[in-house]
Amino acid sequence: MGTDITGDGEPSSPLPVPDGLDDNGFPLSNSPTSAAAATSSFADDFYRSGIDWSSLRAAPSPSPSEEPGKKKSGGFLVQRSLFQAWGLDKRPRREEEAAGVMGGAEAGASSAPSVSWPGRKRRRGGEVESAADRKPLACPFYKKIPGTPFTVDAFRYGAVDGCYAYFLSHFHHDHYGGLTKKWCHGPIYCTALTARLVKMCLSVNSEYIYPLELDKEYVIEGVAVTLLEANHCPGAALIHFRLRDGKTYLHTGDFRASKSMQLHPLLQRGQINLLYLDTTYCNPKYKFPPKEDVIDFAVRTAKRYLQKEPKTLIVVGAYSIGKENVYLAISKALQVPIYTDASRRRILHSFGWLDLSKKICSDSQSSSLHVLPLSSLRHEKYLETLKQRFLAVLAFRPTGWTFSEATGNQLDLIKPSSRGKITIYGVPYSEHSSFSELREFVMFLRPQKIIPTVNVGNAASRDKMQAHFREWLKGFDTTIVPPVPKSEEQPISSVKVKIGILCSDAEKVSNFQSCTGC
DNA sequence: GCGATCAGCT
DNA sequence: CACAGCTGATCGC
């Protein structure tokens, strides 16, 4: 598909990787299926296309004469130096173990390998390896940003060789997995909202956390970095990188593509060399309506049920963060406060989203609108206990999975599941792009190359996605319009923001801007 | 006991 | 299917 972007030549000799993984962090199949071949051809394809992935590779044998501290450009980056520079000359004592090498759910861990590969610890049926025997996880190549010392959402691999800056796209478990209060592998860059959650919920040391404002260009390790609203959960960001040589990459983290994104000056047609794409629903079978329509449907449904039975408890299922607009809209429409437990209240209040905060109450008795973990919607205990105060329960389970070929965009065709006085509606409220939204986004952007970041654990699924990408980009030449006039050395940034100074908590809070995507 | 991780599950 | 977790078991400290 793409033409050579860099002409930088072939990557250097591969890093030593743990047994059982290829040098991109993909598991080597034990069985002689086509999966192994397809895996390597997938990765090879990216290598062949001329992207220089070598910058994230440590020198084959780190030269002892290498000056401590980081090298800004050229040559290899040696992680060891960074630890020395920080006086943290210590690798983690226990490397993360090789489990879910595909990087957790967002990488399709469960579709990847039911095969177990060497290095994976077995706990059941068989011998148990000791922790010391375990091999470290390899960071998969699609989490690394070529030509930079950056990774995105790569916290479960311990210290990643050559990585000086760890970006966190948003605060969902499958992206921050591995982040704990013991984190000491390097600075973490994310939005201010995500930064607060990382500190509050994971107790990560503030000295490692660097909150960035949306739409502001920062220069980090010589690379211009801008975070953009991702239209996913509060604090979620697209990450835009502009390298010194003019190459431009966009990492979508998790996002829901929208028409308004096309208006962003950094997302103009033909300006992205490499797109790391959230391909969660990159399959034509995933159709769902705009979020507004789903919210409208939930509000209408709630009103209808309340009319029939005024003593109805409305329940909205939600993960830690995300889906706030569903229950906020119901709260506003029905003029009822939102009850949820203390831990979620703490998180929601931390958003600094005043409209939401003022609706939250801590007394379950005084509210007929409750927000629960999605898992509680299965257990009927909670619903049962509340039946003492309410005569009926109407629950919403908002997820992009709630789709049906038949219903498609027709919300009124949704059939709830009912048992007694308890009714549960699965509503197709998605915080990821639908297939058609993905297609429109990609066809607008016309990136030179696309790396899917979700559903990559399965070779067949990767091939299907690549086929879609080819189709979408067919007929367009892949010449990238330089985002800046091609002339002499470009200053990397018009608005330079100093990075490397730790903000005080007060500064970080005052920097907070209300969540535009909410 | 506590925190972290994993298999299994939805 | 698997969103983005949760649960219970297990391990190291």
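Just the heavy atoms: all of them, side chains too, but no hydrogens, waters or symmetry mates, feed the values below. Note that the structure is predicted; figures quoted are calculated from it, not measured. Here is how names work: the chains are called A, B, and so on, in the same order as the sequence lines, proteins then strands, and each is numbered from 1.
Of the listed nucleotides (C:dA2, C:dC1, B:dA4), C:dA2 has the atom at the smallest distance from the side chain of A:Asn455. Closest to the A:Lys182 side chain, of the nucleotides C:dA4, B:dA4, C:dC3, is B:dA4. Comparing C:dC1, B:dA4, C:dG5 against the side chain of A:Thr180 picks out B:dA4 as the nearest. The side chain of A:Lys181 approaches B:dA4 more closely than any other nucleotide in the set C:dG5, B:dA4, C:dC3.
Residue contacts shown for A:His170 are absent, as no nucleic acid heavy atom lies under 4.0 Å away.
Rounded to whole Å, atom C1' of C:dC3 lies 14 Å from atom NZ of A:Lys291. To the nearest angstrom, C1' of C:dA4 lies 13 Å from CG of A:Asp153. Atom CD1 of A:Ile321 and atom P of C:dG5 are 8 Å apart (whole Å). Distance CZ (A:Arg397) to C1' (C:dC6): 12 Å, rounded to an integer number of Å. In this structure, CG of A:Leu374 is placed 9 Å from P of C:dC6, rounded to the nearest angstrom. Here the C1' atom of nucleotide B:dA4 and the OH atom of A:Tyr176 are 13 Å apart, to the nearest Å. The distance between atom CG of A:Leu372 and atom P of C:dC6, rounded to the nearest whole Å, is 12 Å. Atom P of nucleotide B:dC6 and atom CG of A:Asp174 are separated by 15 Å, given to the nearest angstrom.
Here the closest heavy-atom approach between residue A:Met465 and residue A:Val454 is recorded as CE-O, 3.4 Å.
The pair A:Arg345-A:Asp341 does not count as a salt bridge, with every side-chain nitrogen at least 4.0 angstrom from each carboxylate oxygen. Comment: A:Lys259 engages A:Glu440 in a salt bridge, judged by a side-chain N to carboxylate O separation of less than 4.0 angstrom. In this structure, A:Asp355 pairs ionically with A:Lys332, as a charged nitrogen and a carboxylate oxygen lie closer than 4.0 Å.
The phosphate of C:dG5 (OP1 or OP2) has a side-chain N or O of A:Ser320 nearer than 4.0 angstrom. Phosphate proximity of C:dC6 to A:His173: absent, as no side-chain N or O sits under 4.0 Å from OP1 or OP2. Contact check, A:His432 against C:dA2: no side-chain N or O comes under 4.0 Å of OP1 or OP2.
A donor-acceptor contact closer than 3.5 angstrom is absent between the side chains of A:His468 and A:Asn283.
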